[in-house]
Peer 1: 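Structure below; questions to follow.
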Amino acid sequence: MAIDIALFLETLKEEVKSYKVPVVDLISVQTRDPFKILVATILSSRTKDETTAAAASRLFREAPDIKALAKLPEKKIMDLIYPVGFYKSKAGYLKKLPQALENFDNRIPEEIDDLIKLPGVGRKTANLVRSVAFNKDAICVDTHVHRIMNKWGYVNTKTPLETEMALRKKLPQNHWQEVNGILVAFGQGTCRPVSPHCHRCVIADLCPAAAHQIT
DNA sequence: AAAACGGGGGC
DNA sequence: GCCCCAGTTTT
């Protein structure tokens, strides 16, 4: 078993500050508007931060709120968000979003079960929105977090959902917004699935992956 | 040139 | 569960 998970996170905390800003922080520093955070988060899946930020910026210039978005043709949305990954699918999700939000009084819902019902919003996106927009103690398990928690031996799970449930019991119910940022940044910046940057990893000497062969 | 890749929907 | 969506990065 690796070091205590709280110490693991504390050790990484300073390290990841020098990294390229993950989308978790990127969105929160730009806006506190739940609508924009939701839209940007939907755009961010399978897409780099810079690409997401540029696309979101273009889109928000034309559609700064729900009402404006509802008036935008799907083709227009598609052109604005290109070249984020799966832009055709996402344009479809965003086109349907205003109507879906009518069920929630035209506001962004805060509960996970409600968020998941929105088009283009799965568990990872819902938890990220809860964390960033509403400052909830939501555990955002993307593929990086899932992989790293298993690699470092903090969980032994098959699916991201299982990881989320397991982590919920392992960690104090606070500061999850920061934890999400730390784990995502570490997973993308250093402890990457292919060619991890072990040479500059601050906790490489504690890594349970023998000779750093396991990723 | 080919494969991998920061999810989610539809079936 | 399995397959699809797409541009970008890595090998």
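By convention in this document, chain letters (A, B, ...) are assigned in the order of the sequence lines, proteins followed by strands, and residues within each chain are numbered from 1. Quick caveat: nothing in here was measured; it's all calculated off a predicted structure.
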Peer 1: What nucleic acid atoms does A/Pro119 come within less than 4.0 Å of, heavy atoms only: base, sugar-phosphate, or nothing?
Peer 2: sugar-phosphate
Peer 1: Of all residues at least two apart in sequence or in a different chain, which pass the side chain to side chain contact (heavy atoms under 4.5 Å, CB included) check with A/Lys96?
Peer 2: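 For A/Lys96, the residues satisfying side chain to side chain contact (heavy atoms under 4.5 Å, CB included) (neighbours in sequence not counted) are A/Pro119.
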Peer 1: Determine, using ring centers only, whether A/His146 and A/His144 are less than 6.0 Å apart.
Peer 2: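 Centroid distance A/His144-A/His146: not below 6.0 Å, so no.
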Peer 1: Please state how far atom CG in A/Asp49 lies from atom C1' in B/dG6, giving the value in whole angstrom units.
Peer 2: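 It works out to 8 Å between those atoms.
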Peer 1: Students often get this wrong, so: under 4.0 angstrom with heavy atoms, is A/Ile116 touching a base, only sugar-phosphate, or nothing?
Peer 2: nothing
Peer 1: If you look at every strand shown and take non-hydrogen atoms under 4.0 Å, does A/Gly120 touch a base, only sugar-phosphate, or nothing?
Peer 2: sugar-phosphate
Peer 1: Measure CD1/A/Ile42 against P/B/dG8 and give the value in whole Å, please.
Peer 2: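 Nearest whole value for this atom pair: 9 Å.
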Peer 1: Please determine whether the number of non-hydrogen atoms from other residues, nucleotides or ligands lying under 6.0 Å from atom NZ of A/Lys136 exceeds 12.
Peer 2: yes
Peer 1: Is A/Glu62 atom CD crowded by more than 12 heavy atoms from other residues, nucleotides or ligands, each under 6.0 Å away?
Peer 2: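 Count over threshold, so yes.
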Peer 1: Under 3.5 Å, is there any donor-acceptor pair linking the side chain of A/Arg46 to the base of B/dG7?
Peer 2: yes
Peer 1: Of all the choices, B/dG8, B/dC5, B/dG10, which nucleotide is nearest to the side chain of A/Thr125 once you look at every atom?
Peer 2: B/dG8
Peer 1: Answer whether the closest heavy-atom distance between the side chains of A/Lys75 and A/Asp79 falls below 4.5 Å.
Peer 2: yes
Peer 1: Hey, which sits more toward the 5' end of DNA chain B by its nearest nucleotide, A/Lys96 or A/Ser45?
Peer 2: A/Ser45
Peer 1: Do the side chains of A/Leu69 and A/Ile77 get nearer than 4.5 Å, heavy atoms only?
Peer 2: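 In contact.
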Peer 1: For atom P, what is the distance between C/dG1 and B/dG6, given to the nearest Å?
Peer 2: 23 Å
Peer 1: Would you write out the dot-bracket form of DNA chain B, 5' to 3', with Watson-Crick and G-U pairs under 3.5 Å, [ ] for crossing pairs, | for pairs to other strands and . for unpaired bases?
Peer 2: |||||.|||||
Peer 1: Within the 3.5 Å criterion, strictly below it, is a donor on A/Thr52 or A/Thr47 matched to an acceptor on the partner's side chain?
Peer 2: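 Per modelled atom types, A/Thr52 and A/Thr47 side chains form no pair under 3.5 Å.
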Peer 1: Is a donor-acceptor pair below 3.5 Å formed from side chain A/Asp142 to base B/dG7, judging by atom type as modelled?
Peer 2: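 No such pair is found, so the answer is no.
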Peer 1: With under 30° as parallel and over 60° as perpendicular, where do the rings of A/Phe35 and A/Phe60 fit, or are they tilted in between?
Peer 2: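 Correct class here is tilted.
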Peer 1: Between which nucleotides of DNA chain C, 5' to 3', does chain A make heavy-atom contacts below 4.0 Å?
Peer 2: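 Here the contact window of chain A covers C/dC5 to C/dT11.
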Peer 1: NA contact type, A/Val145, heavy-atom cut-off 4.0 Å: base, sugar-phosphate, or nothing?
Peer 2: nothing
Peer 1: Side-chain contact, heavy-atom cut-off 4.5 Å: A/Val39 with A/Leu59?
Peer 2: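 Of all side-chain heavy-atom pairs linking A/Leu59 with A/Val39, at least one is under 4.5 Å.
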